[in-house]
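Everything below concerns the one structure shown next.
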Amino acid sequence: MPVTVVIGAQWGDEGKGKLVDLLAEEADIVARYQGGANAGHTIEWGEGDAAQKHVLHLVPSGIFHAGTTCVVGGGVVLDPVALLGEIATVEAAGFSTEGRLFVSHTAHVIMPYHKRLDAAREAARTEAQGEGIGTTGRGIGPAYVDKYGRTGIRVVDLLDRDVLARKIRQQVEEKNTLLEAVYGGQPLDVEAIVEEYVELDHRMDPYVKDTVVYLNEAHRAGKRIVAEGAQGALLDVDFGTYPFVTSSNPTSGGACTGLGLPPTSVDRVVGIVKAYSTRVGNGPFVTELGDETGERLRRVGHEFGATTGRPRRCGWLDLVALRYSAMVNGLTELAITKLDVLSGMETLQAATAYRLDGRETARFPSAAEHLDRTEAVYQSFKGWEEDVTGAPSFDALPAAAQAYLNAVEAYVGVPISLVSTSPKREHTMARA
């Protein structure tokens with residue numbers, strides 16, 4: 001059975017958790033392939049007293065379906081403290097993780113010094129340059145630095161206490177020197193960290209697995225696998241708005257490297273897209289609205305980060321960026337979320353070209369400095385007054401909403417297969 005990859009096609013926060021939760025109803029396995037606890041995937045269902053809302057940071061978004069197994073792949077940088085806390089929350093809500101949640105033994109571990117370095121470096125950047133990258137401060141970047149510097153600690157190291165203690169002592173000694181000499185921070189207590197992570201070994205044991213073998217055997221056996229990405233394609237460290245990016249590959253290619261599945265296993269790549277655009281943190285954002293319309297999108301769309309609580313920057317849909325994302329990811333279909341947020345707006349706009357240094361282009365520039373100088377060239381669309389929340393079908397949408405979505409589909413060159421009209425899992429329509 002081919003693998004479905006679900007990615008955020010913008011700057012993250014597009015609603016991946018909701019869609020993965022929906023697809024998990026018919027999936028055997030949901031596997032998270034990159035990023036860390038800087039992701040926040042929100043899932044909602046039910047009404048009244050039966051309503052539930054959960055925000056997942058590391059546990060894959062299929063965990064609320066009893067027949068679905070969840071995997072945290074080797075491409076993820078794992079905070080064991082955050083993971084175990086999240087497992088406790090999931091189980092307290094009545095969903096068992098026993099025999100249903102596995103963590104790759106090759107995943108790199110986020111340590112306390114990664115978080116301290118993350119905060120120190122962001123503060124230093126802000127002081128020196130006037131703005132930082134916009135990191136969440138959860139140690140993701142420094143953990144990936146150690147991974148690619150070949151000095152990281154992996155989950156498999158937690159299983160050998162002597163090896164773990166030796167590696168922690170070596171790393172803390174080095175990081176303390178950096179924290180004190182470069183950033184003027186206080187040193188970390190190495191023995192306290194050793195003791196904490198030796199204890200974490202006991203609690204992590206039941207979840208650790210060779211997930212590469214597990215996933216490939218499942219694929220050969222015809223199991224239905226959904227690969228869940230975090231953040232968004234335009235935050236990809238190689239293809240995003242560098243340096244205002246994350247430290248991994250949220251693009252579809254990251255699914256194979258992060259899980260150990262071959263590219264030939266993937267035949268469906270679903271790009272999640274808001275009906276408008278948002279971004280958290282610093283970095284270029286061509287269609288950003290700093291006016292009353294931008295504030296309306298933020299207010300009506302409840303645009304505040306699920307992980308950080310930071311207000312999101314809001315703007316019109318950027319079709320130039322979306323078409324670039326579709327190309328890089330090989331999108332086979334689009335899923336549009338938050339269409340309901342646009343109800344009640346008289347006119348909508350979407351960027352169909354850029355103007356850079358006086359010249360018009362439909363290409364997405366690769367340099368953040370160029371994007372900073374870029375202006376959007378907009379196409380206007382008629383809005384609609386009707387509340388589309390819970391619309392049962394595409395044909396039930398107002399004519400103006402249908403026209404807007406048809407224009408998006410035509411410009412990007414990728415069919416729209418799903419449309420979401422509220423945060424609830426039941427308010428998602430399949431387009432026939």
Side-chain angles (χ1 to χ4, degrees), residues 4 6-10 13-26 41-48 50-54 61 64-65 226 268 270-278 293 296-303 306 312 314-319 322 326 331-350 379-432:
T4 295
V6 175
I7 65 155
Q10 296 165 304
D13 309 307
E14 301 93 348
K16 294 178 291 297
K18 177 185 177 179
L19 182 68
V20 172
D21 168 68
L22 191 69
L23 295 177
E25 290 187 76
E26 298 181 353
H41 292 180
T42 304
I43 300 163
E44 297 184 37
W45 70 88
E47 300 287 346
Q52 294 206 44
K53 178 178 179 179
H54 299 277
S61 299
F64 300 115
H65 296 274
V226 174
R268 183 186 185 195
V270 185
I272 317 301
V273 185
K274 282 181 181 172
Y276 50 97
S277 297
T278 65
T293 301
R296 180 200 180 278
L297 291 172
R298 183 179 300 110
R299 183 183 68 257
V300 177
H302 304 289
E303 295 296 354
R312 296 176 185 138
C314 298
W316 295 120
L317 181 60
D318 188 335
L319 291 175
L322 181 55
L331 297 184
T332 60
E333 56 195 273
L334 295 172
I336 304 296
T337 62
K338 294 203 167 184
L339 185 68
D340 51 303
V341 175
L342 299 183
S343 290
M345 301 185 76
E346 184 177 349
T347 303
L348 309 176
Q349 296 195 78
Q379 179 178 341
S380 295
F381 299 89
K382 182 181 178 182
W384 59 92
E385 286 295 327
E386 300 92 327
D387 181 4
V388 300
T389 302
S393 68
F394 189 85
D395 290 339
L397 292 173
Q402 293 185 42
Y404 179 69
L405 294 176
N406 285 334
V408 171
E409 186 178 73
Y411 186 95
V412 179
V414 177
I416 294 172
S417 62
L418 295 164
V419 180
S420 169
T421 57
S422 94
K424 298 185 184 302
R425 66 158 62 133
E426 53 265 33
H427 289 165
T428 306
M429 70 181 79
R431 187 177 184 185

Nearest 0.5 Å, what's the [atom1]-[atom2] distance between [X] and [Y]?
X	Y	atom1	atom2	value
Met345	Arg296	CE	CZ	5.0 Å
His65	Ile43	NE2	CD1	7.5 Å
Met429	Leu397	CE	CG	4.0 Å
Asp21	Lys424	CG	NZ	12.5 Å

Checking side-chain contact (heavy atoms from CB on, under 4.5 Å) against Ile336, which of Leu418, Val273, Thr421, Ile272 comes through? Val273
Sole residue of Val408, Leu331, Thr332 in side-chain contact (heavy atoms from CB on, under 4.5 Å) with Val414: Leu331
Whether [X] side chain and [Y] backbone form a donor-acceptor pair below 3.5 Å:
X	Y	answer
Arg298	Arg312	yes
Ser417	Glu333	no
Gln10	Tyr276	yes
Glu409	Ile416	yes

With [X], which residues qualify under side-chain hydrogen bond (donor to acceptor under 3.5 Å, both in side chains), at least two apart?
X	value
Ser61	Glu228
Thr293	none
Lys338	Glu303

Once the angle between the rings of Tyr404 and Trp384 is folded into 0 to 90°, is it parallel (under 30°), tilted (30 to 60°) or perpendicular (over 60°)? tilted
If you measure only the distance, is there a donor-acceptor pair under 3.5 Å linking the side chains of Asp395 and Ser393? no
Looking only at side-chain N and O atoms, does Thr337 offer a donor or acceptor that is under 3.5 Å from a partner on Lys18? no
Closest non-hydrogen atom pair between Ser343 and Glu386, with its separation: OG-O, 2.8 Å
